[in-house]
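The figures that follow rest on heavy atoms only: side chains count, while hydrogens, waters and symmetry mates do not.
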Amino acid sequence: QVQVKESGGDLVEPGESLTLSCAASGTIYTIHSMGWYRQAPGKERELVAFITSTGNTVYADSVKGRFTISRDNSENTAYLQMSTLKPEDTAVYLCNTKGRATSPSGPAYDSWGQGTQVTVSS
């Protein structure tokens, strides 16, 4: 079983920066991708950014140039550096990781964390 834990959410003012962390643990054999999603009240969950095992990245248009996703493969951890934050970035940020557990032929997993709250307000 693979667990995911996010941290780093906070209340910040517009224009400030914040870095979120996502740590995966458990019976991980390999992580194919780690991604950040967000969900604001009354809105659907949306992709923010994800990164593959080879370092390829994808970003939502709304965060391009402001957010940067990175990962530490040795620590099974992903980071989301957020700069020039806007009130519309306010949401619960959730981490997702996909990969294979236990062994090369082990079961695939698709695990989510509980989320961390980011609030951007003056």
Side-chain angles (χ1 to χ4, degrees):
Q1 193 170 4
V2 176
Q3 296 82 39
V4 177
K5 178 67 175 175
E6 305 94 338
S7 61
D10 204 348
L11 169 63
V12 297
E13 294 190 356
E16 292 187 336
S17 299
L18 196 63
T19 297
L20 306 182
S21 298
C22 168
S25 62
T27 55
I28 298 169
Y29 178 75
T30 187
I31 297 177
H32 298 322
S33 67
M34 299 186 80
W36 285 98
Y37 294 73
R38 66 187 181 188
Q39 188 162 19
K43 294 188 176 182
E44 293 189 355
R45 186 175 297 183
E46 63 174 356
L47 172 70
V48 177
F50 78 79
I51 184 167
T52 68
S53 59
T54 56
N56 294 320
T57 57
V58 172
Y59 293 93
D61 287 343
S62 59
V63 307
K64 282 180 181 176
R66 299 189 298 122
F67 291 11
T68 302
I69 189 169
S70 61
R71 63 188 281 180
D72 182 339
N73 291 333
S74 66
E75 297 290 333
N76 294 333
T77 299
Y79 304 94
L80 186 68
Q81 296 173 278
M82 306 184 292
S83 62
T84 320
L85 282 160
K86 306 175 181 179
E88 51 263 43
D89 294 319
T90 296
V92 174
Y93 283 70
L94 303 108
C95 182
N96 171 262
T97 180
K98 296 180 176 66
R100 195 163 293 279
T102 310
S103 70
S105 58
Y109 63 83
D110 181 348
S111 299
W112 291 86
Q114 294 295 311
T116 186
Q117 177 69 47
V118 173
T119 303
V120 185
S121 175
S122 55

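Two residues are said to be in side-chain contact when any heavy atoms from C-beta on lie closer than 4.5 Å; Asp89 and Arg66 meet this criterion.
Once rounded to the nearest 0.5 Å, the distance linking NZ of Lys64 with OG1 of Thr57 reads 9.5 Å. Note that CH2 of Trp36 is 8.0 Å distant from CE of Met82, once rounded to the nearest 0.5 Å. In this structure, CZ in Arg100 is found 10.0 Å from OG1 in Thr102, a value given to the nearest 0.5 Å.
At a threshold of 4.5 Å between side-chain heavy atoms, the hydrophobic network of Ile, Leu, Val, Met, Phe, Trp and Tyr places Leu47 and Leu94 in one connected group. Transitive grouping of hydrophobic side chains (ILVMFWY, heavy atoms separated by less than 4.5 Å) keeps Phe50 and Phe67 in distinct clusters. Ile69 and Tyr79 fall into different hydrophobic clusters, where Ile, Leu, Val, Met, Phe, Trp and Tyr residues are linked whenever their side-chain heavy atoms come under 4.5 Å apart, directly or through other members. When hydrophobic clusters are built by joining Ile, Leu, Val, Met, Phe, Trp and Tyr residues whose side-chain heavy atoms come closer than 4.5 Å, directly or via intermediates, Val92 is not grouped with Val63.
Within a 6.0 Å radius of CD in Glu88, more than 12 heavy atoms belonging to other residues, nucleotides or ligands are found.
Considering all non-hydrogen atoms of both residues, Tyr59 and Thr68 come closest at OH-CA, 3.4 Å. Of all heavy-atom pairs between Arg38 and Tyr93, the closest is NH1-OH, 2.9 Å. Minimum interatomic distance between Ser74 and Asp72 (heavy atoms only, all atoms of both residues): OG-OD1, 2.5 Å. Of all the heavy atoms in Met34 and Cys95, the pair that sits closest is CE-SG, 4.5 Å.
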Can you give me every donor-acceptor pair (side chain of residues 113-122, partner residue at least two apart or in another chain, under 3.5 Å) with its distance?
unit_1	atom_1	unit_2	atom_2	d
Thr116	OG1	Gly9	N	3.0
Gln117	NE2	Ala91	O	3.4
Gln117	NE2	Thr119	OG1	3.3

Could you list the donor-acceptor pairs under 3.5 angstrom formed by side chains in residues 16-33, with sequence neighbours left out?
unit_1	atom_1	unit_2	atom_2	d
Glu16	OE1	Glu13	N	3.0
Thr27	OG1	Gln1	N	2.7

May I have the step-by-step check of side chain to side chain contact (heavy atoms under 4.5 Å, CB included) for Asn96 and Val4, ending in yes or no?
CA-CA 7 Å; Asn96 171 262; Val4 177; over 6 Å; no

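Tyr37 is linked by a ring pair (Phe, Tyr, Trp, His ring centres under 6.0 Å) to Trp112, counting only residues two or more places apart in sequence or in another chain.
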